[in-house]
Amino acid sequence: MSLKIVTWNVNSIKMRLQHLLEFIESNDPDIICLQELKCETDKFPSDELSHLPYNLYIHGQKTYNGVAILSKIPADEIKNNFDKNPIPDQARFIECSFLTSIGYIRVISLYAPNGGEVGSDKFINKLKFYDAFTDYIQSAKSFEEQLFIGSDFNIAPYDIDVYNPAKLQDTTCFTYEEQKKLRTILNSGFVDNFRILHPTKNEFSWWDYRAGALEQNMGMRIDSIISTSNAVAHLVDCKIDYHTRTKDKPSDHAPVIAEYHNISQ
DNA sequence: ATGGTCGGAACCCGA
């Protein structure tokens, strides 16, 4: 039995509905974490997805933010926020639990703050958001469960995750201060599912709409699926779906796809 | 190259 989990910042679910339908048709994922819906919960295009076998768990918001988890398996526990979130009015978190072929799992779809200008109030809030989120996932970890986080982290953790580390040094999403936050998570029992399978790949998940960034491959790997280490034994594949980013009127982010196989205990 | 392009909202803000 196989389980496929996806994370994708769609940059408006209404604008990206057709790409989402095509992506599902091509990849048939079991669980889809979406970010930047830019859509209120009750305005989510549920009817347009009703022919598909997904349960929809939406934490929407008008204009900005908004996250969702779409799952073939119904969730038995749903949370819309985490303890001590310094910006709880922004819809950046949803968590669901599922009984799957690889065991009991908990999945978070997270949209971390961009941070704006380095040193700004937004930037400070981004760091505080990470501190609270890190505390939360450390407390949520359990021996029995596997925890997966599909996220636009808005941080590229290492030099290999950007097109030009020297040029990007000290810019938002690539300051050492931000990297420390994500690396703290990755050094405390969480595994970057793409990086562990591809230690030397210089691939990206986001390219700016401006200045021909995609054509020059000026990108950053800021979207990832990370999991507790107890899930890594099941991990068989993790890739970035560049093709979706090359379509007409795309999101500025590419989906990340991870696949897990059941291993008998 | 302190630009550039999107999406959503109301002609600017966030990314």
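Convention: sequence-line order gives letters A, B, ...; per-chain numbering from 1.
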Would you measure the distance from the [atom1] atom in [N] across to the matching atom in [M] and give it in whole Å?
N: B:dT2; M: B:dA15; atom1: P; answer: 23 Å
N: B:dA9; M: B:dG14; atom1: C1'; answer: 11 Å
N: B:dC11; M: B:dG7; atom1: C1'; answer: 14 Å
N: B:dC6; M: B:dA1; atom1: P; answer: 23 Å

key: Length of the CD-P vector between A:Gln216 and B:dA1, whole Å   =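 It is 14 Å, rounded to the nearest whole Å.
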query = Taking the side chain from A:Ser205 and the backbone from A:Arg221, do they hold a donor-acceptor pair closer than 3.5 Å?
reply = no
Check the orientation of [X] and [Y]. Use parallel for under 30°, tilted for 30 to 60°, and perpendicular for over 60°.
X: A:Phe129; Y: A:Phe82; answer: perpendicular
X: A:Phe23; Y: A:Trp8; answer: tilted
X: A:Phe133; Y: A:Tyr136; answer: tilted

query = Tell me, which pairs form a ring pair (Phe, Tyr, Trp, His ring centres under 6.0 Å) where one or both residues lie in residues 155-201 of chain A, sequence neighbours left out?
reply =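 Every ring pair (Phe, Tyr, Trp, His ring centres under 6.0 Å) pair that includes a residue of residues 155-201 of chain A, provided the two are not neighbours, is A:Phe194-A:His198.
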note = Going 5' to 3' through nucleotides 6-15 of chain B and flagging B where a protein heavy-atom sits under 4.0 Å of the base, S where only the sugar-phosphate is that close, and - otherwise, we get SSSS---BSB
ask   = By side-chain contact (heavy atoms from CB on, under 4.5 Å), which residues pair with A:Ser188, not counting sequence neighbours?
value = A:Gln138
